[in-house]
Every structure is written in C-alpha cells, then in structure tokens.
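To start, the structure itself, in structure tokens.
A quick note: this is a predicted structure, and the numbers were derived from the prediction, not measured. Just so you know, residue 1 is the first one in the sequence shown, and it goes up from there.
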Amino acid sequence: MSLRLQLALLALLLPTFLAQGEARGRRTAQAHNSTRPALQRLSDHLLADYRKGVRPVRDWRKATTISIDVIVYAILSVDEKNQVLTTYIWYRQFWTDEFLQWNPEDFDNITKLSIPTDSIWVPDILINEFVDVGKSPSIPYVYVRHQGEVQNYKPLQVVTACSLDIYNFPFDVQNCSLTFTSWLHTIQDINISLWRLPEKVKSDKSVFMNQGEWELLGVLTQFLEFSDRESSGSYAEMKFYVVIRRRPLFYAVSLLLPSIFLMIMDIVGFYLPPDSGERVSFKITLLLGYSVFLIIVSDTLPATAIGTPLIGVYFVVCMALLVISLAETILIVRLVHKQDLQRPVPPWLWHLVLERIAPLLCLGEQLTSHRPPATSQATKTDDFSAMENHCSPLGGPQDLEKTPRGRGSPPPPPREASLAVRGLLQELSSIRHFLEKRDEIREVARDWLCVGSVLDKLLFRIYLLAVLAYSITLVTLWSIWHYS
C-alpha cells in the first residue's frame, strides 16, 4: 500500500520537477545568450539552417530580381590590334534573400550585417565579352539588411572584346559594350534590372580618372530579353555601352605637324629657280626625310587586319605628292638645261605654252620681249647676210685685178697684201660663225627657259590646288568627327 502511494506521489510531482528543470534551462540559456555579442547571435541565427546551394525564395515560381549598377573608374588600355578593351569599373548588385531576414529588436536593433560571400547564395552574373581574367581584388564580404536585401559591391578589372573602329584615328570615338547576364538561369528564375535611372548612369563621371588618353563621354544602358534555340526558356541581359573618345592633341603634335611642315617646305621649294640643280637635291632631301619620319611613326599608328586609319592614307598621299613634286622638278630641269645639241622649241609648243597658257596664268607681260623661234631665226639669217655683204666688198685677188681704175685712183695693192686681206676675212668669218652659233644656242636655251618657267608655274599651281583641296577635305572630316 505504501509502495503504491509513493508511486502515485512520484507521478504527481514528476511534471512539476520537469517544468522547473526546463525553466531553469531556459533561464540558463537566456543568461548565456545575453552574454554573447549580438552580431554573433545574429550570424548564427541566419546561417544555422541556411542552404547556399538553393535559390533563396520560399515560392519557387517567384523569380529573383538582380539589380545591377556600373560606374566606370578608368580606361586602362585599348588594344586596337587584338580588339581588346581593358577597363576598371565599380560593380554593384542587389537582390532579396528571403532566408536572411530578422527582427532588429531581437538583436540589439541591428539592421545591417556583413557576412562572408561564400556562406550565402550568389547569382551567376557574368559579362559575355570577357576574354581574359583581370587582376581584380577579392572582396570576401557582402552586406545584408534586415529585410533580406543583399548588397554585393566589388571593383572589377574587365578585359573584354570590342569592335574597335580606327578609321578616324586620332579623332576616333569607340563604343564598347559590357553585357551582364546569368549564364545558366532563365528569366523565370533570375531577372535583371537597373538599380539607378539610365540618365544618372549615363552622366555619372564622379570617379572617372579623366587624365589619360581617353575621355569618357557616357555610359548607355539597354535591357534585352533573348531566347536560346536549343532551350525553351529566355534569358535576361543588361547592356552597358561605354562610349569613349581619344584625346588627339598628342598625335596631332607628334604626327600631323611634322608632316604638315615637310609639305610646306616642299611647296616653298618651288620658288627655287627652275634652271638651278639645287631644287632637285632639295626635293630628294625632303623625300628621304619624310621616309625616315614614316619609319619612326609606324609604331605609333594603330594596326588592324580589317582596316587602315585615315591618317595612314594621309601619309601615303603626302608621300605620293612629294614623289610627284620631284618628278615635276626633274621634268622642268630637263627642259631648261643648257646643252649644245638642244633643238629649238617646236612652234606648236611655243604657241601652246606662251600664247595660250601664259595669258591664263597672267604671265603674258613678262614674255613680250621674247619672239617666236621661227621669226627670230629668220631675222638672224637676214642680219648675217647683211653682215657678210658688208664685211666682203671684194670677192678675191682676181676681182681686185679686174677692178677698173679711174683717173686719180690709187694703184692696186700688191698680191701679198690681197692674200693677207683674204686670210683676215676668213678669220673674221670664222669668228662671226662662232658668235652666231653661240647666240643661236643662247637663244634656244632662253626659249626653253621661257617655256619651262611657264610650265613650272602651271604645274606648281596645280600641285598647290591639289594639296589645298586634300588638306581642306581631311580637316573638314576630322573636325566633323571630333565635334560630332
């Protein structure tokens, strides 16, 4: 009887003892928790049963929206040959993790917590244009707010492929895209949106390093949804178009100005006398100097397999103009060069150059003293005949004997005197023919010099017009590209 009574009392008191033990355990746990830091308690609370391999939504039909933002910090390099752009950007992405939410009142009013990136779920957002892994610093933590918003900030050195158009170099503007998309998840699982307004993204240059070769014009944004033929789903992507412009001052000073100075010296070289051999040597020196200049600047010009910049065409055309100028100088020097066997100027050439072209160049007054070659030679023949008749009044000794003597006339000279006179006349005739030949050669050389001078001025003006037209065209094109 007593045993049964003891068992009954034990059964009645056992729940009371158990309740007291549980209460004591709870008080002990609360006391222990109250001594731990709130950050540790919150971190343990969030990551205790967290599964980072599962997309953090309670309803699997709900898509996780990733808001991204890009701020361009610097343009590190532009490789025109390999078509690669290297930039340094500040990348930010936000999403909501429904399993990382808490009540701030339970954890000492903590509203934001930094936790390791490796401990939570992170979206697989990549850049499609990636061609190389840049040297980006590793950021091991993310911020989590009490509503479940995750903030992932990290700097990235982005090495991407870009279609670079160098035809307008050094006044070129490049437009390279950075396409952010999920590599695996479709838009039903991960959607992408822009964190800031497109206008703010476009005009944000607050952190851009603006002292380099490239100037940031803006960052344009575009959202696209595309589908893959091999899969039934569609994918979301956000494009950031980085628009940059090259600063042309360095290339204008080191490439364009030396070329312009050499071309000006070539034009000034036309004012050397055409009958002087110094012009040919001067033109050859300019051509050699321009060739050396092109060898020096060849490493500065961008090179691609799909096109040549306009400045390269400009250098080639300038070289061609120098060659044409040298050829024109050689032609003119050949025309005006003095030589003994030089033929007279053909009448048709004299008529074309001095009667047709010279008035068009306003050179008619300078050439009025020169007579046509045929008229000049005829006049010379008449003068020579008159001189012969004047210098040869007697034909020879026999004529002297046959000459009648009048009353009171002096006696005829002796035979030896007549032979001396005849020899003297022959010497005078030889001197006269030599002088006539020399004057004829000088007259022919003077005629060719006159023709060559007119042709030289004609070709110089044509050359000058070609250089001016070419220069104005290039300056207009480069001005339009630079200020567009």
Side-chain angles (χ1 to χ4, degrees), residues 65-80 82-94 125-132 134 136 151-182 191-226 235-252 302 304 307 309-311 476-484:
T65 301
I66 311 298
S67 300
I68 62 177
D69 185 31
V70 169
I71 301 177
V72 179
Y73 182 77
I75 305 297
L76 300 182
S77 67
V78 178
D79 189 352
E80 294 89 355
N82 297 318
Q83 299 285 292
V84 172
L85 171 68
T86 304
T87 57
Y88 197 81
I89 64 174
W90 288 1
Y91 175 64
R92 301 185 292 181
Q93 59 182 5
F94 308 84
I125 302 297
L126 299 177
I127 300 178
N128 289 342
E129 293 84 358
F130 258 134
V131 295
D132 193 8
S136 304
Q151 301 176 0
N152 187 11
Y153 295 178
K154 53 184 176 181
L156 294 177
Q157 180 178 337
V158 183
V159 182
T160 57
C162 179
S163 179
L164 301 173
D165 184 10
I166 62 171
Y167 181 74
N168 303 336
F169 175 87
F171 304 96
D172 52 332
V173 176
Q174 306 297 339
N175 188 351
C176 299
S177 62
L178 303 177
T179 305
F180 293 85
T181 183
S182 175
N191 192 12
I192 299 177
S193 64
L194 193 63
W195 183 57
R196 294 186 298 171
L197 294 176
E199 294 78 11
K200 293 185 178 180
V201 177
K202 178 181 178 180
S203 59
D204 189 1
K205 304 177 185 178
S206 58
V207 299
F208 181 71
M209 300 291 292
N210 201 28
Q211 303 300 323
E213 178 183 356
W214 293 91
E215 175 187 2
L216 179 64
L217 300 181
V219 180
L220 307 178
T221 58
Q222 182 184 14
F223 175 77
L224 294 176
E225 181 179 347
F226 69 97
Y235 297 84
E237 66 178 17
M238 182 66 68
K239 283 183 173 292
F240 291 86
Y241 295 97
V242 181
V243 184
I244 56 178
R245 179 173 59 191
R246 194 192 306 265
R247 289 188 171 92
L249 181 60
F250 169 75
Y251 298 98
T304 61
L310 183 60
I311 192 173
T476 303
L477 290 176
W478 280 333
S479 300
I480 293 174
W481 294 331
H482 182 66
Y483 295 105
S484 61

What pairs of donor and acceptor atoms, side-chain ones from residues 209-216 against any protein atom, are under 3.5 angstrom apart with sequence neighbours left out?
unit_1, atom_1, unit_2, atom_2, d
N210, OD1, R247, NH2, 2.8
E213, OE2, R246, NH1, 2.7
E213, OE2, Y251, OH, 2.8
E215, OE1, R245, NH2, 3.2

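- The structure places OG1 of T179 at 11.5 Å from CZ of F130, a figure rounded to the nearest 0.5 Å.
- When side chains are defined from C-beta on, I75 counts as touching L85, because their heavy atoms get closer than 4.5 Å.
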Practice problem: Might you work through the side-chain contact (heavy atoms from CB on, under 4.5 Å) test for D204 and V219, ending with a clear yes or no? | Solution: CA-CA 8 Å; D204 189 1; V219 180; over 6 Å; no
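- With a 6.0 Å radius and a threshold of 12 heavy atoms from other residues, nucleotides or ligands, Y73 has its OH atom at or below the threshold.
- Closest approach of P170 and I311 over heavy atoms only: CD-CD1, 4.2 Å.
- Taking each heavy atom of F223 and I192 in turn, the nearest pair found is CE1-O, 3.2 Å.
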Exercise. Please assess I89 against F240 for the test side-chain contact (heavy atoms from CB on, under 4.5 Å), listing each intermediate value before the final yes or no.
Key: CA-CA 11 Å; I89 64 174; F240 291 86; over 6 Å; no
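- The shortest side-chain heavy-atom distance between Q222 and L224 falls under the 4.5 Å cut-off.
- Atom NZ of K205 is surrounded by more than 12 heavy atoms from other residues, nucleotides or ligands within 6.0 Å.
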Quiz item: Are Y91 and Q93 close enough, and set up right, to give a side-chain hydrogen bond (donor to acceptor under 3.5 Å, both in side chains), and what steps lead you there?
Solution: CA-CA 7 Å; Y91 175 64; Q93 59 182 5; 2.7 Å; yes
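- Every residue meeting the salt bridge (charged side-chain N to carboxylate O under 4.0 Å, His left out) condition with D69, not counting sequence neighbours, appears here in chain and number order: R92, R196.
- From T181, atom OG1 reaches atom CD1 of I125 across 6.5 Å, with rounding to the nearest 0.5 Å.
- V84 places a side-chain heavy atom less than 4.5 Å from the side chain of V159.
- Between M238 and I68, the closest heavy-atom pair is CB-CD1, 3.7 Å.
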Practice problem: Applying side-chain contact (heavy atoms from CB on, under 4.5 Å), run through S193 and I66 and close with a yes or a no. | Solution: CA-CA 6 Å; S193 64; I66 311 298; over 6 Å; no
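- With a 4.5 Å cut-off on side-chain heavy atoms, V173 and N168 do not count as touching.
- For Q174 against S163, the heavy-atom pair with the smallest separation is OE1-O, 4.2 Å.
- In terms of heavy atoms, E237 sits closest to N128 at OE1-ND2, 3.8 Å.
- Between Y153 and F94, the distance from one ring center to the other falls under 6.0 angstrom.
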Exercise. Please report the C-alpha distance between F180 and I127 in whole Å, then the side-chain angles of each, then the deciding distance to 0.1 Å, and finally whether the side-chain contact (heavy atoms from CB on, under 4.5 Å) criterion is met.
Key: CA-CA 5 Å; F180 293 85; I127 300 178; 3.5 Å; yes
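- Side-chain atoms of V70 and W90, non-hydrogen and from C-beta on, never get closer than 4.5 Å to each other.
- No side-chain donor-acceptor contact under 3.5 Å links T65 to the backbone of N191.
- For S177 (side chain) and Y241 (main-chain N/O), no donor-acceptor pair under 3.5 Å exists by modelled atom type.
- A donor-acceptor pair under 3.5 Å is formed between the side chain of Q83 and the backbone N or O of L164.
- Taking 4.5 Å as the limit, every side-chain heavy atom of K202 sits out of range of all side-chain heavy atoms of T221.
- The two residues P155 and Y88 make their nearest non-hydrogen contact at CB-OH, 3.4 Å.
- Between S67 and L194, the closest side-chain pair of non-hydrogen atoms is not below 4.5 Å.
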